[in-house]
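The model shown is predicted, which means the values in this text are computed figures rather than measured ones. Chain letters run A, B, ... following the sequence lines, proteins first, then strands; residues in each count from 1.
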Number of protein chains: 2
Amino acid sequence: MPQGQPVTVPDDNLTTRQRRNRPLLIVHTGDGKGKSTAAFGLALRGWNQGFDIGVFQFVKSAKWRIGEQTVLERLGALHAETGEGGPVQWHKMGSGWSWSRKAGDESDHAAAAVEGWREIQRRLAAQTHDLYVLDEFTYPIAWGWIDVDDVVATLAQRPGRQHVIVTGRRADPKLVEIAELVTEMGKVKHPMDAGQKGQRGIEW
Amino acid sequence: MPQGQPVTVPDDNLTTRQRRNRPLLIVHTGDGKGKSTAAFGLALRGWNQGFDIGVFQFVKSAKWRIGEQTVLERLGALHAETGEGGPVQWHKMGSGWSWSRKAGDESDHAAAAVEGWREIQRRLAAQTHDLYVLDEFTYPIAWGWIDVDDVVATLAQRPGRQHVIVTGRRADPKLVEIAELVTEMGKVKHPMDAGQKGQRGIEW
């Protein structure tokens, strides 16, 4: 069972159970490693609890299929076969969002990012998933492609009990402000500093 | 394929391939969330590449079975059934190390931690696993139960191509010194600060 006592008990008229069950907005930011990896690790944990998982990758190349995608989709298939865990959907902007007719059109990244965000808004309204991983979602916000005020309003007002994890460097302060859990992954030392490139099983 | 160019190419007489394939010592430290979760995310990635995975949890309670254990052991079973991925072993100090006769004896945590470390030393010498997760291993070092010089000497001289991930707060500077990849997870904001306790699918 979970350990630890809150330092303060807020005056919010919620019971401990109600407070415990509030959906979380989680942000993994900073210049270090582990932002996405920890998010997919949380997806693993959620799968095990039967959560419906939706992953939305905003930046990674279409050709780039990371190990987590293979494994989480395999776990989603396992759910379909045996009922273990929960369903998993993995969507990538780089290869054209799978729900879109414009598959493969990478000519307008800004429009593709907005299209991804509109779909996420629809799913949040429909309460499609229990856990959303919006991987590298800070970048289209930082680049001004997606309006941070729209993001903040949508996330703050999302219905039901939907957890959302946002990863990427330079998270907008407005996003940090409304998040319940924010971790800054700081780079202390990285092998590329010593001239070592990425390797199989570690970087992908 | 992996992206990015090293800033400098070191004068170490290694080819890029040799340098790329050097085993890594990875440390996840700091007061924030995500240290263990990111380590288990890396284990997921390694499993997908067929790595033999060994997880050693040094502190967590015996009764505490985290979602990652269930999922990674399930993936290990999948490997045995179908050949997908790699084998997975998960050992916990809290329930008595599984290879030990002293199962369930929690009366001497220091002795149990040393026993775990001795087994890891044997496995490193025998090149048993491709990836070791030494979860919360910084604590028995910080508490003086395990000699940091012994740890550093063993890890620095480990044979073959064995990756090692160490998690936990207050990583010893000597361990950081020999590590290739060190990430500091910093706490920016945590729900317990606002009186919210842990919840299913997120904390476990």
Side-chain angles (χ1 to χ4, degrees), chain A residues 1-2 4 6-10 16 19-22 24 28 30 32-34 37-38 40-42 44-49 51 66-68 70-71 74-75 84-85 130-131 163 176 179-204, chain B residues 2 4 6-10 16 19-22 24 28 30 32-34 37-38 40-42 44-49 51 64 66-68 70-71 74-75 84-85 130-131 163 176 179-204:
Chain A
M1 292 304 294
V7 178
T8 57
V9 176
T16 299
R19 203 176 296 117
R20 167 172 285 186
N21 286 335
R22 279 184 305 189
L24 296 179
H28 292 172
K33 303 285 288 185
T37 307
F40 299 133
L42 279 172
L44 197 72
R45 199 175 279 183
W47 178 87
N48 185 56
Q49 294 286 1
F51 282 10
I66 59 176
E68 287 92 329
T70 302
V71 178
R74 182 67 185 87
L75 291 170
E84 292 168 84
D130 299 306
L131 175 66
H163 302 292
V176 169
E180 282 82 22
L181 175 55
V182 180
T183 301
E184 169 110 9
M185 275 72 170
K187 184 178 89 166
V188 177
K189 200 192 256 189
H190 191 285
M192 279 199 195
D193 298 340
Q196 183 165 4
K197 298 188 77 174
Q199 60 180 300
R200 190 171 66 91
I202 298 293
E203 297 286 338
W204 70 93
Chain B
V7 178
T8 56
V9 176
T16 299
R19 202 174 298 116
R20 165 170 287 184
N21 286 334
R22 279 183 306 190
L24 296 179
H28 292 171
K33 304 283 289 183
T37 307
F40 298 134
L42 279 173
L44 199 70
R45 198 175 279 183
W47 178 86
N48 185 56
Q49 294 287 0
F51 282 9
W64 185 258
I66 60 176
E68 289 93 328
T70 301
V71 180
R74 183 67 185 88
L75 290 170
E84 294 169 82
D130 299 306
L131 176 65
H163 301 293
V176 169
E180 282 81 23
L181 175 54
V182 180
T183 302
E184 169 110 9
M185 275 70 170
K187 183 179 88 165
V188 176
K189 199 190 257 189
H190 191 283
M192 279 198 194
D193 299 341
Q196 184 164 2
K197 299 188 75 176
Q199 61 181 300
R200 191 172 66 90
I202 298 293
E203 298 285 337
W204 70 92

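With chain B as partner, the option from A/Asp130, A/Val176, A/Leu131, A/Thr37 having the largest number of non-hydrogen pairs under 4.5 angstrom is A/Thr37. With chain B as the partner, the residue from A/Gly186, A/Ala179, A/Gly32 showing the most heavy-atom pairs under 4.5 Å is A/Gly186. The choice from B/Gly34, B/Gly85, B/Gly41 that makes the most heavy-atom pairs within less than 4.5 Å of chain A is B/Gly41.
The side-chain heavy atoms of B/Leu75 and A/Leu75, taken from C-beta on, include a pair separated by under 4.5 Å.
Evaluated for a side chain to side chain contact (heavy atoms under 4.5 Å, CB included) with A/Lys33, the options B/Val182, B/Leu42, B/Leu181 yield exactly one hit, B/Leu181.
Between B/Arg74 atom CZ and A/Leu44 atom CG the span is 13.0 Å, to the nearest 0.5 Å.
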